[in-house]
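See structure below.
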Amino acid sequence: MKLMHVNKKILPWIAGGVFAIALIAIGVAWYVKTSGAPSFDTIAATRGNAISSLNESGNVLAENSVDLSFEEGGQIASVDVQEGDAVTSGAVLARLDSSSLQAAVQQANAALAAAQANLDNLTNGTRPEQLQIDQNGVSSAQSAVDSALASLDASNGSAYAAADDAIRNQTDNLFSNPQYNNPEFLVALSDSQAKINIESKRVELQSVFNAWYASMSATSSDPVAESDIASANLKTVKSYLDELAVYVNNATPDSSVPAVTLAAYRADIVTARGEVVQAIAGLTVSENALSSAQADLKVAQSELSLAEAGATQQQIEAQKAVVAEAQAAVSSAEVALDHATLTAPFSGTVRNLTAKIGMVVSPGTPVVSVTNDIGLKIEIYVSQSDIAKIKEGDAANVTLDAYGNDTVFPATVTTIDAAGTEVNGSLAYKVTLHFISADDRIKAGMTAAVHIKTAEHDNVVEVPSKSIISDNDQNFVMVQNGNALEKKEVTVGISGDDGMTEIVSGLSVGDRINNF
């Protein structure tokens, strides 16, 4: 008999086919034998409460904690607390030596008082007492001017008398007919022109004296004008006497004017010149005294005019600016003095106390801390994908590592930062929670697990979350319909922490679905 050759490569396929046929045959035989429908692992939709929450870890922090330092440098004069002391807001913690600062405040206040007084004087006008003082000042100055005028008038008379004596009594003996139009100089001179000149000047002096005397004799004479005339005339007389002295001192005795006579002439000229020089000096003193008195009178009159007129608005505004500047200086000095005292900004406990009496500190160097342990808070960081799930006022349960998961401390979400912060390379938002009740067991620095209830829907239809099939934006479940399962679209709500999901529509309580 001839044997058929079979390809070894198709043997596995043949075997598989035979096995499949066998399974089908067995199934058909079982079905025929039992005559029952196939069964599925299903579960009924139930009614319950769906609760969704967010779990994060964080740290317990003090409500307020601050490192304190002096804003002014200096030497610490007192330390008023000890480490661990409980202090209230505003309590003094330490002080700097403030003697120089107190002096600065006093000085600033004194300057302010002076500036304000000046402003009050300007705005109130001159007091009657001051007006009387200024009027008296004018009267006194006028009296001084009158006295100076009288003194000048007397000096004018003295000047005339001195000049008249110097010429007519002391030196006219050097001439024959000196007070006439043809005087003759008795001293012999080698220079005939010099003799003519000195005789001619003596004639001119006669006219000077005549006019001078007439001016002084006038009833309406003005001492100031007379002083000007006297000064000019004295200069003329002095010039004449100086020239006469030169001639006489250079003259040679002769039979008409022997040496004794010539010596007497020289002595008379010296006397005459001394009288004129003294008269010039006296007149100058009187003129200066009058000028000074007139200047004083002008000042006194100006002061009286200003006092009577009062301050201008511009002066008042300028003084107001001075007062404002002085007030600012007081405020600045007081602030500096306040900075010499370190106070607690809020109630709390003294920590990290390094301040010591006698220590010299620089501004900004921390010397003590204050921590407020009342109203402890927790800070957590929530990712941007979860931050929309929570809001201020949400309730939370907190467990602390120190006490285990069985000890729960209720808390509330109080603030959610509007701006995100990068945490471990991802954007997150800081969320702050506060414990609802104070508890001595809670300490700053403890590690906390925070469980925030984000949503809760009561009495809703719910199914196991694993039984929901998601396809893009649609959700389905496999619902039992007789002996078969059919795909049915549903609308889901919140997913609870217990593995159940809310079904908003598409299912009713009791509907059986495939339980994958």
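- When side chains are defined from C-beta on, Leu342 does not count as touching Val92, because their heavy atoms never get closer than 4.5 Å.
- The distance from atom CD1 of Ile378 to atom OG1 of Thr447, rounded to the nearest 0.5 Å, is 11.0 Å.
- In this structure, a donor-acceptor pair under 3.5 Å is present between the side chains of Ser227 and Glu287.
- Side chains of Gln315 and Gln319: a donor-acceptor N/O pair is absent below 3.5 angstrom, by distance only.
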Next item on the list: Starting from the C-alpha separation in whole Å, work towards a yes-or-no answer on side-chain contact (heavy atoms from CB on, under 4.5 Å) for Thr412 and Ile436.
Entry: CA-CA 7 Å; Thr412 302; Ile436 293 177; 3.6 Å; yes
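- With Glu72 contributing its side chain and Ala340 its backbone, the two residues share no donor-acceptor pair below 3.5 Å.
- Relative orientation of the Phe185 and Phe175 rings is tilted, given thresholds of 30° and 60° on the angle between their planes.
- Lys356 is not listed as a side-chain neighbour of Ile76, based on a closest heavy-atom distance of 4.5 Å or more.
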Margin query: The test is side-chain contact (heavy atoms from CB on, under 4.5 Å); show your working for Gln278 and Glu275 and say whether it passes.
Written below: CA-CA 5 Å; Gln278 186 175 1; Glu275 289 179 335; 5.8 Å; no
Just distance, no hydrogens or angles: give the donor-acceptor pairs under 3.5 Å from side chains in residues 132-139, sequence neighbours left out.
unit_1, atom_1, unit_2, atom_2, d
Gln132, NE2, Asn136, OD1, 2.9
Asp134, OD1, Gln130, NE2, 3.1
Asn136, ND2, Gln132, O, 3.2
Ser139, OG, Gln135, O, 3.2

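- No more than 12 heavy atoms of other residues, nucleotides or ligands sit less than 6.0 Å from atom CD of Gln314.
- Of all the heavy atoms in Ile280 and Lys238, the pair that sits closest is CD1-CD, 3.9 Å.
- Expressed to the nearest 0.5 Å, how far CG of Leu96 lies from CD of Glu71 amounts to 11.0 Å.
- Here the closest heavy-atom approach between residue Glu56 and residue Val382 is recorded as CG-CG2, 4.2 Å.
- Leu186 places none of its side-chain heavy atoms less than 4.5 Å from the side chain of Ser256.
- Judged purely by atom type and a 3.5 angstrom limit, Thr354 uses its side chain to pair as donor or acceptor with the backbone of Val367.
- Counting only distance, with no hydrogens or angles, the side chain of Gln170 and the backbone of Asp165 share no donor-acceptor pair below 3.5 Å.
- A donor-acceptor pair under 3.5 Å is absent between the side-chain atoms of Asp386 and the main chain of Ser383, judged by distance alone.
- In this pair, Phe409 and Phe435 present their aromatic rings perpendicular. The plane angle is above 60°, beyond the 30 to 60° band.
- Counting heavy atoms from C-beta outward, Leu241 and Val237 have side chains that approach closer than 4.5 Å.
- Looking at Asp268 and Thr171, their side chains never bring a donor and an acceptor atom within 3.5 Å of each other.
- Residues Pro258 and Pro253 fail the side-chain proximity criterion, which asks for heavy atoms closer than 4.5 Å.
- Around atom CG of Asn181, no more than 12 heavy atoms belonging to other residues, nucleotides or ligands sit under 6.0 Å away.
- Contact record, Glu199 with Glu184: OE2-CA, 3.3 Å, taken as the closest heavy-atom pair.
- Listed for the Asp394 side chain is a donor-acceptor partner under 3.5 Å among the backbone atoms of Lys391.
- The two residues Val413 and Ile416 make their nearest non-hydrogen contact at CG1-CG1, 4.1 Å.
- By the side-chain contact (heavy atoms from CB on, under 4.5 Å) test, Lys453 is found to be paired with Ile51, Glu456, residues two or more places apart in sequence or in another chain being considered.
- Ser78 approaches Ile357 most closely through the heavy-atom pair CA-CG1, 4.0 Å.
- Taking CG from Asn59 and CG from Leu376, the interatomic distance works out to 12.5 Å, rounded to the nearest 0.5 Å.
- A 6.0 Å sphere centred on CD of Glu392 holds more than 12 heavy atoms belonging to other residues, nucleotides or ligands.
- A donor-acceptor pair under 3.5 Å is absent between the side-chain atoms of Ser147 and the main chain of Ser143, judged by distance alone.
- If you take CD on Gln313 and CG on Leu122, they are separated by 10.5 Å, rounding to the nearest 0.5 Å.
- In this structure, CG on Leu54 lies 8.5 Å from CD1 on Ile387, to the nearest 0.5 angstrom.
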Next item on the list: Would you please test Leu337 and Gln102 for side-chain contact (heavy atoms from CB on, under 4.5 Å) and show each step?
Entry: CA-CA 7 Å; Leu337 180 59; Gln102 290 173 344; 3.7 Å; yes
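- The closest donor-acceptor contact from the side chain of Ser217 to the backbone of Tyr213 lies under 3.5 Å.
- Counting heavy atoms from C-beta outward, Leu234 and Trp212 have side chains that approach closer than 4.5 Å.
- Applying the 6.0 Å contact sphere to CD of Gln193 captures more than 12 heavy atoms from other residues, nucleotides or ligands.
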Note to self: Run the side-chain contact (heavy atoms from CB on, under 4.5 Å) test on Leu101 and Val105 for me, step by step, so that the C-alpha distance in whole Å, both residues' side-chain angles and the decisive distance to 0.1 Å come before the verdict.
What the structure shows: CA-CA 6 Å; Leu101 298 175; Val105 170; 5.8 Å; no
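- Of the possible donor and acceptor atoms, one in the side chain of Glu83 sits under 3.5 Å from a partner among the backbone N and O of Asn352.
- Note that CD1 of Ile167 is 10.5 Å distant from CG of Leu174, once rounded to the nearest 0.5 Å.
- In this structure a side-chain-to-backbone donor-acceptor pair under 3.5 Å is missing from Ser332 to Ala328.
- With hydrogens and angles disregarded, no donor-acceptor distance shorter than 3.5 Å links the side chain of Ser151 to the backbone of Ser286.
- Between Phe70 and His339 the shortest side-chain heavy-atom distance does not fall below 4.5 Å.
- In this structure, Arg168 satisfies the cation-pi test against Phe209, with its NZ or CZ atom closer than 6.0 Å to the six-membered ring centre and inside 45 degrees of the ring normal.
- For the salt bridge (Lys or Arg N to Asp or Glu O under 4.0 Å) with Glu243, the lone residue among Lys201, Arg202, Arg273 that qualifies is Lys201.
- The shortest heavy-atom contact between Lys195 and Ile198 is O-CG2, 3.2 Å.
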Next item on the list: Quick one: do Thr236 and Glu204 satisfy side-chain hydrogen bond (donor to acceptor under 3.5 Å, both in side chains)? Show the steps, please.
Entry: CA-CA 10 Å; Thr236 300; Glu204 292 175 359; over 6 Å; no
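- Under the 4.5 Å side-chain criterion, counting only non-hydrogen atoms from C-beta, Leu68 is not in contact with Thr343.
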